[in-house]
Amino acid sequence: MEQLTPDMIWVLLMIALAIFLFIVEWVRVDVVAIMMMVCLPLLGLVTPKEAFVGLSSNAVVSIIAVIIIGAGLDKTGMINKLVKPVLAIAGKSTSRIIVAISFTVAIISSFMQNIGAAALFLPAIQRISKMQNIPLSRLLMPVGFSAILGGTITLVGCSPLILLNDLLIPFNLEPFGLFDVTPIGLALVASGIFCFILLGRFILPQGEVSETDEDKNTCSLDGADGSGSDENCFFELKTAEDFTHYRDTVRVGDIGRRYLVHTVALTEPPEFKTLSPGLDSEIRSNVDMVVWGSGTDIKRMVKDMEMLLKDDIESYSQEFDPANSGIVEAVIAPRSNYIGRTLGENMFNDRFRITPLTIHRQDEIFRAKLDDIVLQTGDVIVFYGTWDRMEALHREGGLLFSLPSDLEEMRPEKALWAGGWLVLSLVMIMGFHIQLSVALMSGALGMILTKVLSIDEAYQSVDWRTIFLLAGLIPLGIATEKTGTAAWIAGTILNIIGDVPPIVLLTVIGILSTLFTLVISNVGATVLLVPLVVNMAIAAHADPRMAALVVGLATSNSFVLPTHQVNALYMGPGRYRTIDFIKAGTLVSILFLVVMIAMITLIYGI
């Protein structure tokens, strides 16, 4: 076997550094990729031109175009229009609803980024859960897994498959066509859905149906034993005439910390009504206020503070009319600017005059010290506020509202244009064999020219972190192949596993890809593994294209942990725990590998 050279050692160190930083997350993954882009030419492992070739690669341009096309379809409301006919077909059967919604999401995910498809359907799934009285936890995981699986149906469904042909170029291997993976992808989607239909009762948490906003707003203070209710509700109170005479100044933030009660409305002298007052607002004598919290906590506060509890919302009846204000659940979206900052640093109350009530994260509910909580993707924030203020918050982006159709300005009149440009892009690829990036960018440009999206909206829709992650890791793949490191690693692995049949080799590659994608991004796993497995296949006299295809597909086999963006997004709204993903994800991952290898064997005859 070839001896290690100094360049190979440097490449191995850079790979180890990248993997280590991906796992510990000391810096963001896109920053790690940029580090590779800069360090590799400085070490002489690639040329400056090779270091930045990723920024102009066919794969990167294709991903940008796919994201813009997906944003255009979203802006016209085409996705939301699919929900009603899908439900009409499914009826009221939970199994049929899961099949219909999951398959629809999978098909949409085959032409746009799966996290985009999952985010688009989240509000619709929440409404279906309430309308059909189905626990959200029974719906979200099957739909989320289907969104991930749907990315394997076409070559533009997920970043690894878009990237695949570019990684085959150095080996002079025949590129894959747009629909070459479709039979395999459809089989993977069908097997995933079938798994949940057959075994869902054993692997999914049963959950409870979410209460509607109206249910949350109306309940009685008195429990059966007179001690108060644990339900969270709105109550109107009135402070005593001598409220401020014999105590220190009481502020809104004080009662929140002391009693876990949120003040959502406060009258300030002489008769000025303030909705969602700031935490520093002073509570004065003989004023009306509306608070939100559990009956037990409010009853304790009323007793301690000697307040008057009113029978109903009286002074603020107009302000609290459902037509004017209400409670909304908002999910922290992927790539949101709110991620990594505390609730207090985001200043929702100061900037928008809306009140955060609770934060749901996995199986935890936070009600106290909300301002100190650092926000993560998939966190569910329960807000109270007026609809016009909610609309202002929604326009800023970064949050997925449970009722976006009421809050977002859509362009349904442009739906035909959006659909037409998508179809044109596909025709250019299939009928005229125009390069993927050129065809897809033509569709994206068409959406901008016909004002489906403005150019600013197109720029804002692109996940630039993913773009730089991809562009920055491509030179690492080049260095791995160019220095002979990939061939050395491949030879080492083959020496360990010995002489095995091609089907066993592909199974090993599938397992290796699955393990890699659980700890680093699917893009990173693809860039690192494709040069490696192609060399392994050549050395073992197997088909190198099939080895590369297994990597492109198996890097979507990310179900066991909530590390995939889709899983992280659905974890909060579904109230899932990590153990829920381990139970369901392990079964789906094993099924994925079996079906993938079986379909590749059947179609390509390995």
Side-chain angles (χ1 to χ4, degrees), residues 28 30-31 34 54-57 59-81 108 111-120 122-123 156 159 162 330-341 346-348 351-352 375 377 387-401 403-422 424-425 437-471 565 569:
R28 262 178 23 188
D30 51 326
V31 177
I34 294 172
L55 291 170
S56 61
S57 71
V60 168
V61 175
S62 298
I63 289 175
I64 292 173
V66 165
I67 292 173
I68 293 174
I69 289 173
L73 295 172
D74 177 26
K75 198 67 178 177
T76 61
M78 286 187 67
I79 307 301
N80 291 331
K81 291 178 181 178
I108 293 170
F111 291 104
M112 64 185 294
Q113 294 288 284
N114 46 36
I115 183 62
L120 287 177
L122 177 57
V156 296
S159 299
I162 294 176
V331 182
I332 301 294
R335 304 186 292 117
S336 171
N337 291 328
Y338 302 129
I339 296 172
R341 297 160 60 188
N346 285 302
M347 298 187 297
F348 292 113
R351 291 192 295 141
F352 299 101
L375 299 178
T377 299
W387 298 127
D388 58 338
R389 292 170 184 172
M390 293 287 191
E391 184 179 358
L393 173 62
H394 191 261
R395 281 199 301 268
E396 184 167 283
L399 293 172
L400 302 172
F401 282 85
L403 296 171
S405 58
D406 296 338
L407 300 172
E408 185 175 6
E409 179 188 353
M410 307 295 283
R411 296 180 188 136
E413 70 280 2
K414 298 291 185 179
L416 287 178
W417 280 112
W421 289 115
L422 172 61
L424 178 63
S425 297
S437 56
V438 177
L440 292 172
M441 192 55 76
S442 299
L445 177 62
M447 290 201 175
I448 294 167
L449 293 177
T450 53
K451 298 184 178 180
V452 175
L453 290 171
S454 69
I455 185 65
D456 289 333
E457 289 170 335
Y459 287 145
Q460 291 167 7
S461 69
V462 176
D463 183 357
W464 295 107
R465 293 179 234 189
T466 299
I467 300 306
F468 275 93
L469 171 64
L470 181 58
Q565 283 182 311
L569 175 65

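Quick caveat, the model's predicted, so the values are computed rather than measured.
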Minimal non-hydrogen separation, [X] against [Y], with atom names:
{"X": "A333", "Y": "L400", "value": "CB-CG, 3.9 Å"}
{"X": "L55", "Y": "V60", "value": "O-CG1, 4.1 Å"}
{"X": "I69", "Y": "S425", "value": "CD1-OG, 4.1 Å"}
{"X": "A65", "Y": "A444", "value": "O-CB, 4.1 Å"}
{"X": "I332", "Y": "L569", "value": "O-CD1, 4.0 Å"}
{"X": "A471", "Y": "G54", "value": "CB-C, 3.7 Å"}

First locate atom [atom1] of [X], then atom [atom2] of [Y], and finally report the distance between them rounded to the nearest 0.5 Å.
{"X": "L470", "Y": "S57", "atom1": "CG", "atom2": "OG", "result": "5.5 Å"}
{"X": "H394", "Y": "L399", "atom1": "NE2", "atom2": "CG", "result": "8.0 Å"}
{"X": "I64", "Y": "L440", "atom1": "CD1", "atom2": "CG", "result": "11.5 Å"}
{"X": "I63", "Y": "S437", "atom1": "CD1", "atom2": "OG", "result": "11.5 Å"}

Output all residues satisfying ring pair (Phe, Tyr, Trp, His ring centres under 6.0 Å) with Y338, sequence neighbours left out; order by chain, then residue number.
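Checked Y338 against ring pair (Phe, Tyr, Trp, His ring centres under 6.0 Å); matches are F348.
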Examine distances only and state if a side-chain atom of [X] and a backbone atom of [Y] form a donor-acceptor pair shorter than 3.5 Å.
{"X": "W417", "Y": "G446", "result": "no"}
{"X": "R411", "Y": "K75", "result": "no"}
{"X": "R351", "Y": "N346", "result": "yes"}
{"X": "T76", "Y": "A415", "result": "no"}

Within-4.5 Å side-chain heavy-atom neighbours: F111 and V156:
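Yes. Closest side-chain heavy atoms under 4.5 Å.
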Considering only residues two or more places apart or on different chains, which pairs with a residue in residues 443-452 satisfy side-chain hydrogen bond (donor to acceptor under 3.5 Å, both in side chains)?
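Counting only pairs at least two positions apart or across chains, the side-chain hydrogen bond (donor to acceptor under 3.5 Å, both in side chains) contacts touching residues 443-452 are W421-T450.
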Give a yes or no on this: more than 12 heavy atoms of other residues, nucleotides or ligands lie within 6.0 Å of atom [atom1] of [X].
{"X": "D388", "atom1": "CG", "result": "yes"}
{"X": "I455", "atom1": "CD1", "result": "yes"}
{"X": "F352", "atom1": "CZ", "result": "yes"}

